Number of protein chains: 2
Amino acid sequence: MAENWTDVPTLPAAVADWIARGIVAERWPDGARLRETEIAAELGVSRGPVREALRVLGERGLVRLVPRVGAVVNGMSRDTISEVYELRAHIEALICRSAVPRLTDADKDRLRGLLDQIIALRNANRVDEMLTTCWEFRETLYRPSSNRTALDLVRSLRTRLHSIPQVLRDDPQHIALAMTFYVRVTQAAVDGDTSAVERLVSEFMIKTGEQAVAAFRPGTAATTPARPGTPAWS
Amino acid sequence: MAENWTDVPTLPAAVADWIARGIVAERWPDGARLRETEIAAELGVSRGPVREALRVLGERGLVRLVPRVGAVVNGMSRDTISEVYELRAHIEALICRSAVPRLTDADKDRLRGLLDQIIALRNANRVDEMLTTCWEFRETLYRPSSNRTALDLVRSLRTRLHSIPQVLRDDPQHIALAMTFYVRVTQAAVDGDTSAVERLVSEFMIKTGEQAVAAFRPGTAATTPARPGTPAWS
DNA sequence: CATCGTCATACTGTTGACAATGAACGATCT
DNA sequence: AGATCGTTCATTGTCAACAGTATGACGATG
């Protein structure tokens, strides 16, 4: 090893993350072969961790593993983006169905606080911190759900396209949509209005998907290097 | 290598399959540690493929990967079963929404033919072949869907609990439910009644989940060795 | 008798090397 | 000239070995 991977929990996970970032940043074009040797050399690790990372990414759908050939990039397309957001609309609404009735008063206070933070950070134009807070909000809202399987699934789906959010990051139209969403969903959650939360979440996901598809250029995706700490939308 | 893994495409996939079967067959209890060395020795392979297999199973949710400790079995519980079926109810209904309108006349003929086969095999008490045909029916119904991501997801979820279907295999109550479902869904699909198909699929999944939960004994799951060719319900 | 520290052991994390297979290229034949 | 075949190289598949860490037992100590 020769880089700064010392503080990361496990090496294969770090490698998987690195490759995933590269894919969503369009470092490799769609259909490109990911050669284990190259990646291993570039990261200063051996091929073992790289292979394991590729298996994980294959299972997650970011690459396609062809026997005796290796991993080829499963590029993002408008269809894929649309599909993933459609899925998330349904699954996250499902999560809310069991989560909202279980929200404690403390949870609700926390949601209100996070909303205030989001608004403040938005007004201060501190986008990155706002994104982090948004995700925290979402996690807080979903956490009480009884369906842990669904929660894991959403997290997995989210990693699958956290480049798209980068595109949306500076889209004022999306920010407006998001702000409205967070305000309304907080109100609905605090009121314990489960079906309203479901509807809001679903609609937000659908519309976000549409915006993402519209903003997507199949070859001019994220020019941002996507630094390790940079959070993502949605 | 010393066994009969010569016919399988790739070694890690075969190992993953072997371990998955072991887990669903309760070869290892919930929370048990899967030692790479043991498995490697038992299968006559090295630790490399075993590690890769465990990463895949970790991503799929069958095991939990603890850094510096290894893989521990993520046992099936009533909650998990219920969760997975609830998810499938929603996702498979979503698939139908885009699949049914795209069914060609050839597809519909094929569905009718498969239904006839299912009924015939059921009357002949050839359960295993019937299960295969049922899954073929489902695949045919879903295939036209535009949402490939969702299709992959369902396949992944399905592998996650293909022990449970074994429990349902000889449950006359479930067979009755299934027969009714396949008859009705065929009719609805042929008629192009999308919402009816959605509703039927969703209900079938929910009820199947309930039956699976009821039939589940957390420690006396599948006594069947689950041979490679054996298909599964749902 | 319970609890804590120490040590041996077993297991995982990672690496480099070897074997086998697929892809690319050039030579040869029609 | 075009197509086919054989050769060479690159890349994946697999393995055995080494290094580092958690685990469990054993004994010392309060």
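None of the values given here were measured: they were computed from a predicted structure. In what follows, every chain begins at residue 1, and chains take the letters A, B, ... in the order their sequences are listed.
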To the nearest angstrom, how far is [X] atom [atom1] from [N] atom [atom2]?
{"X": "A:Arg47", "N": "D:dT11", "atom1": "CZ", "atom2": "C1'", "result": "7 Å"}
{"X": "A:Arg68", "N": "C:dA19", "atom1": "CZ", "atom2": "P", "result": "15 Å"}
{"X": "B:Leu54", "N": "C:dG13", "atom1": "CG", "atom2": "P", "result": "10 Å"}
{"X": "A:Glu52", "N": "C:dG13", "atom1": "CD", "atom2": "P", "result": "8 Å"}
{"X": "B:Leu11", "N": "C:dT21", "atom1": "CG", "atom2": "P", "result": "13 Å"}
{"X": "B:Leu65", "N": "C:dT12", "atom1": "CG", "atom2": "C1'", "result": "12 Å"}
{"X": "B:Glu36", "N": "C:dA10", "atom1": "CD", "atom2": "P", "result": "16 Å"}
{"X": "B:Arg55", "N": "C:dG13", "atom1": "CZ", "atom2": "P", "result": "6 Å"}

### Query
Is A:Arg110 salt-bridged to A:Glu139, going by a charged N under 4.0 Å from an acidic O?
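No, this pair does not count.
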### Task
Look at B:Arg148 together with A:Glu83 and state whether they make a salt bridge at an N to O cut-off of under 4.0 Å.
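Result for this pair is no, no salt bridge flagged.
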### Closest non-hydrogen atom pair between B:Ala99 and B:Ser145, with its separation
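The pair with the smallest heavy-atom distance is CB-N, 3.6 Å.
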### Query
Which comes earlier along DNA chain C counting from the 5' end, the contact point of B:Glu38 or that of A:Arg33, where each point is its nearest nucleotide?
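Final value for this comparison: B:Glu38.
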### Selection from D:dA22, D:dC15, C:dT14 that lies nearest to any side-chain heavy atom of A:Pro12
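For the A:Pro12 side chain, the nearest candidate turns out to be C:dT14.
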### Message
Side chain of A:Val69, heavy atoms from C-beta onward: which of C:dG16, C:dA23, C:dC11 has the nearest atom to it?
### Response
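Closest nucleotide among those given: C:dA23.
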### Task
Would you please confirm or rule out a distance under 4.0 Å between OP1 or OP2 of C:dA10 and any side-chain N or O of B:Thr37?
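Result: no.
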### Task
Give a yes/no answer on whether the side chain of A:Arg51 brings an N or O atom under 4.0 Å of OP1 or OP2 in D:dG13.
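Answer is yes, contact under 4.0 Å.
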### Query
Which part of the nucleic acid, if any, lies within contact of B:Gly48, taking any heavy atom under 4.0 Å across all strands shown: a base, the sugar-phosphate backbone alone, or nothing?
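If one applies the 4.0 Å heavy-atom cut-off, B:Gly48 turns out to touch nothing in the nucleic acid.
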### Message
Please verify the inter-ring angle class for A:Phe204 with A:His174; under 30° counts as parallel, over 60° as perpendicular, anything in between as tilted.
### Response
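Rings of A:Phe204 and A:His174: parallel, under 30°.
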### Flag side-chain contact, heavy atom, 4.5 Å: A:Arg102 against A:Ser146
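Yes; the side chains approach each other to less than 4.5 Å.
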